[in-house]
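In what follows, a structure is listed as structure tokens, so that the remarks can point back to it.
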Protein chains: 2
Amino acid sequence: MDHEVTAVPRAQRPDPAGHATIYDIARVAGVSPSTVSRALNKPGRINATTEQRIREVAADLGYRLNPVARALYTGQTSTFALILSDITNPVYFELVRGAETVGARENYTMVLAESQESGAREADAAERLLPAVDGIALVSTRMPDEQIRHLAARKPLVVVNRRVDDVLSIVPDPRPGIEAAIEHLAALGHRSFAYLSGPRTSYMSQLRWEIAFECALAHGLSVVEIGPCEPTLAGGRAIKRRVLAAGVTSVLAYNDIIAIGLLLECRDSGMDLPGQLSIVGFDDSFGSDFTSPPLTTIRSPLRQAGELAVERLLSLVRDEDHQHVDDLATVLVQRGSTAAPMLT
Amino acid sequence: MDHEVTAVPRAQRPDPAGHATIYDIARVAGVSPSTVSRALNKPGRINATTEQRIREVAADLGYRLNPVARALYTGQTSTFALILSDITNPVYFELVRGAETVGARENYTMVLAESQESGAREADAAERLLPAVDGIALVSTRMPDEQIRHLAARKPLVVVNRRVDDVLSIVPDPRPGIEAAIEHLAALGHRSFAYLSGPRTSYMSQLRWEIAFECALAHGLSVVEIGPCEPTLAGGRAIKRRVLAAGVTSVLAYNDIIAIGLLLECRDSGMDLPGQLSIVGFDDSFGSDFTSPPLTTIRSPLRQAGELAVERLLSLVRDEDHQHVDDLATVLVQRGSTAAPMLT
DNA sequence: CCGGATTTGGCAATCGGTTGTCATCAAGAA
DNA sequence: TTCTTGATGACAACCGATTGCCAAATCCGG
């Protein structure tokens with residue numbers, strides 16, 4: 001009835017390669033396992049010559065510490081989870097790399113999970129990973145605040161690109177970049193402006209809109225929100241109709257993907273860019289300089305955000321103090337997709 | 001002298017949240033821990049009413065199995081490692097996603113490591129992860145065959161984009177795509193052709209060159225190899241000089257990044273594309289349709305490669321038979337960067 | 001040369017599940 | 001009524017490393 005491996009209970013269970021354990025070393029070196037353990041990770045606790053001998057035996061036997069066994073006793077797995085909504089979204093590439101780099105530097109292993117844009121799947125992943133990691137980083141999470149706090153109460157946790165009360169939040173400040181962008185547009189002579197918003201549930205999209213609104217007013221531009229717009233190429237292409245209908249001469253998109261989609265659609269329909277429409281993206285993500293004209297965009301320090309998130313997470317794990325508050329500022333990257341508006 | 005936490009040996013060690021264990025459940029339900037264990041994962045082994053009661057107590061206590069403890073005894077961590085040279089290389093995005101998806105489906109956790117293009121760092125990562133995972137997938141590895149075989153002898157292992165004897169290798173067949181591309185170029189009237197090669201140590205670049213050479217000859221095109229070319233935008237831009245010097249009318253690049261770099265450089269210098277030069281990329285990676293003209297490219301089934309790699313890896317872990325041999329074929333994606341050569 | 005301080009290293013418990021073995025008990029067969 | 005048989009659940013060993021505690025060995029000054 002069952003096809004499970006009921007026979008051969010041992011024999012095939014341990015590593016086929018049969019890793020050496022501290023017990024093997026102890027036997028060969030003629031000491032006790034506890035001595036081996038101490039020799040290997042409490043330098044000085046053990047007589048220098050004994051320690052040396054043990055190290056040699058360990059090397060001979062090709063010993064590698066079994067992290068699972070250590071984790072069981074210590075409760076520390078030296079592992080953290082990074083959960084994000086969409087691995088293939090280029091916005092996250094640099095963030096992931098930053099996280100991985102810091103993790104590796106601190107001898108932590110990174111576990112990557114994807115929630116495929118679903119809050120439920122995200123909660124699932126978090127719940128599943130919870131007992132196996134020391135901490136969790138949630139990037140652009142779709143979970144409600146309450147659920148996030150509940151997780152944070154059980155494990156060290158940081159959220160990136162979202163502000164949650166009582167939870168360590170890493171969120172780049174969009175203001176400097178947006179201010180610069182709108183100043184830039186105003187200086188070029190634009191009088192009308194639209195913000196292309198992302199998913200309704202996105203904290204970041206909401207925040208960017210509020211700031212853009214404020215800045216546009218301050219510079220005397222007319223300002224409207226167009227959206228929500230799906231954060232994909234197709235979403236950006238589809239929004240063109242509404243942008244043209246609104247009759248604006250400049251737009252800021254929630255992110256580069258939307259901006260690029262819009263740009264491609266405009267070019268395909270033979271519009272003159274940037275003359276007829278100035279487009280500003282957000283994030284300076286991979287590929288934003290491939291377009292023609294190359295996209296003017298607001299760079300988010302995503303790499304640093306990833307690094308910082310993991311640094312903070314680990315200090316939370318180690319129960320250290322959180323030192324300085326560092327600001328992650330955005331900056332405007334001027335490229336070719338913005339220009340003075342053509343006179344009609 | 002030492003800042004380590006020597007005091008407070010217990011108390012803070014276990015989960016702050018104090019997870020329930022099977023011992024807690026056993027106590028509440030009035031049975032032994034072994035009964036709890038069996039009730040929870042050997043359905044039928046335990047009296048139905050007892051089992052039900054145990055399940056209820058477990059739910060009440062919010063019990064979650066500790067995977068570390070299970071792993072220690074069983075030797076199975078339900079975790080696999082994916083090691084690749086560069087996380088931010090868009091070629092891998094879909095591959096990573098495919099791997100993650102299959103892993104999640106099979107209740108495996110994916111650990112991601114990056115070797116930063118260094119064979120030594122890659123070996124390091126593999127060595128470090130070895131005792132903590134059930135299997136390893138190496139993508140576009142830079143390690144020598146011998147070292148790979150040595151790893152494979154110790155843990156289930158698969159390599160992607162590389163052929164290594166006696167090791168499970170997943171490698172998409174570049175031939176169909178290359179044949180189609182060269183046929184396409186020949187049909188457009190091209191008589192000369194160059195292959196822009198990638199890193200010298202890349203198995204895939206070598207393979208693609210050999211096939212391209214063969215196909216070009218078969219279609220009566222002149223053919224040269226230009227390179228090696230660093231697989232970055234800058235590398236692609238830098239190669240323009242040599243391409244022009246070679247006087248060819250069509251090129252196939254080792255990958256899209258190189259092709260896009262070349263394309264951007266040509267546009268920036270005012271060349272007429274695709275009239276003066278037809279460019280074909282490889283991989284159909286993210287952003288290859290952002291350019292103007294959009295890049296004609298050879299699509300590699302990277303998503304499937306990622307899925308297949310993990311499926312194979314897991315069946316290796318489970319010691320199952322490897323069923324059918326599936327072919328991963330490449331296919332030509334015609335876009336705008338190829339056209340009939342301008343008459344000079 | 002002695003007594004106390006300091007090293008040094010072994011014993012055994014522990015982390016949380018898993019499973020082989022075995023005793024017990026009830027039901028069915030003879 | 002007795003024996004067989006299967007169902008049920010407890011006991012204890014085990015996975016590999018860590019560490020509190022203690023005893024033995026060594027060193028020191030007086």
Side-chain angles (χ1 to χ4, degrees), chain A residues 4-15 18-27 29-54 58 61 63-78 130-132 134, chain B residues 2 4-15 18-27 29-54 58 61 63-78 130-132:
Chain A
E4 277 130 57
V5 189
T6 40
V8 202
R10 267 307 116 128
Q12 70 151 219
R13 249 227 299 102
D15 266 23
H19 255 165
T21 70
I22 57 168
Y23 294 86
D24 300 323
I25 300 177
R27 196 163 2 85
V31 296
S32 89
S34 51
T35 304
V36 175
S37 173
R38 287 195 261 252
L40 262 26
N41 44 58
K42 300 270 158 80
R45 174 70 175 74
I46 293 293
N47 181 294
T49 62
T50 312
E51 182 180 324
Q52 188 50 36
R53 182 159 44 90
I54 290 176
L61 264 43
Y63 169 77
R64 308 232 98 218
L65 179 140
N66 181 331
V68 174
R70 166 180 281 178
L72 180 56
Y73 182 81
T74 63
Q76 301 275 308
T77 59
S78 291
L130 197 66
D134 292 347
Chain B
D2 58 355
E4 277 128 57
V5 190
T6 40
V8 202
R10 268 307 116 129
Q12 73 154 217
R13 250 226 298 99
D15 262 25
H19 257 164
T21 71
I22 57 169
Y23 293 86
D24 299 324
I25 300 177
R27 193 160 8 84
V31 296
S32 89
S34 53
T35 304
V36 176
S37 173
R38 286 195 258 255
L40 263 23
N41 44 60
K42 299 270 157 78
R45 175 68 175 77
I46 293 294
N47 179 296
T49 62
T50 311
E51 181 178 324
Q52 188 52 37
R53 182 159 43 90
I54 289 176
L61 265 42
Y63 170 77
R64 310 230 97 219
L65 179 140
N66 182 331
V68 173
R70 167 179 282 176
L72 180 56
Y73 183 81
T74 63
Q76 301 275 309
T77 59
S78 293
L130 197 67

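Values below: all heavy atoms of this structure, side chains included; hydrogens, waters and symmetry mates excluded. Just so it is clear: chains get the letters A, B, ... in the order the sequence lines come, proteins before strands, and each one is counted from 1.
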Report yes or no: is there a donor-acceptor pair, N or O only, under 3.5 Å between the side chain of [X] and the base of [N]?
X: B:Arg38; N: C:dG17; value: no
X: A:Arg45; N: C:dG9; value: yes
X: B:Tyr23; N: C:dG17; value: yes
X: B:Thr21; N: C:dC15; value: no

Protein-nucleotide distance ([X], atom [atom1]; [N], atom [atom2]), rounded to Å:
X: A:Leu61; N: D:dG16; atom1: CG; atom2: C1'; value: 15 Å
X: A:Ile54; N: C:dG9; atom1: CD1; atom2: C1'; value: 9 Å
X: A:Ile22; N: D:dC14; atom1: CD1; atom2: C1'; value: 15 Å
X: A:Tyr73; N: D:dC14; atom1: OH; atom2: C1'; value: 18 Å
X: A:Gln76; N: C:dC15; atom1: CD; atom2: C1'; value: 13 Å
X: B:Leu40; N: D:dG9; atom1: CG; atom2: P; value: 14 Å
X: B:Arg27; N: C:dG16; atom1: CZ; atom2: P; value: 12 Å
X: A:Arg53; N: C:dT8; atom1: CZ; atom2: P; value: 14 Å

A:Val36 side chain reached by A:Tyr23 side chain, heavy atoms, under 4.5 Å: no
Side-chain heavy atoms of A:Asn41 within contact of A:Arg70, under 4.5 Å: yes
Below 4.0 Å: OP1/OP2 of [N] and any side-chain N or O of [X]:
X: B:Thr50; N: D:dG9; answer: yes
X: A:Lys42; N: D:dT19; answer: yes
X: A:Thr35; N: C:dG10; answer: yes
X: A:Asn47; N: C:dT7; answer: no

For [X] against [Y], the heavy-atom pair lying closest together:
X: A:Thr50; Y: A:Ile46; value: CB-CG2, 3.9 Å
X: B:Pro131; Y: A:Leu65; value: CG-O, 3.9 Å
X: A:Leu72; Y: B:Leu72; value: CD2-CD2, 3.2 Å

Touch class at under 4.0 angstrom, heavy-atom based, for A:Val31 against every strand present: sugar-phosphate
Inter-residue atom distance B:Glu51.CD - B:Thr35.OG1, 0.5 Å rounding: 11.5 Å
By nearest atom, which of the nucleotides [options] is closest to the [X] side chain?
X: B:Asn66; options: C:dC11, C:dG17, C:dC15; answer: C:dG17
X: B:Ala69; options: C:dC11, D:dA10, C:dG16; answer: C:dG16
X: A:Leu72; options: C:dT18, C:dC15, D:dA17; answer: C:dC15
X: A:Ser37; options: D:dG9, D:dT19, C:dT18; answer: D:dT19

Pairwise 5' ranking along DNA chain C for B:Ser34 and A:Ser34, keeping only the more 5' one: A:Ser34
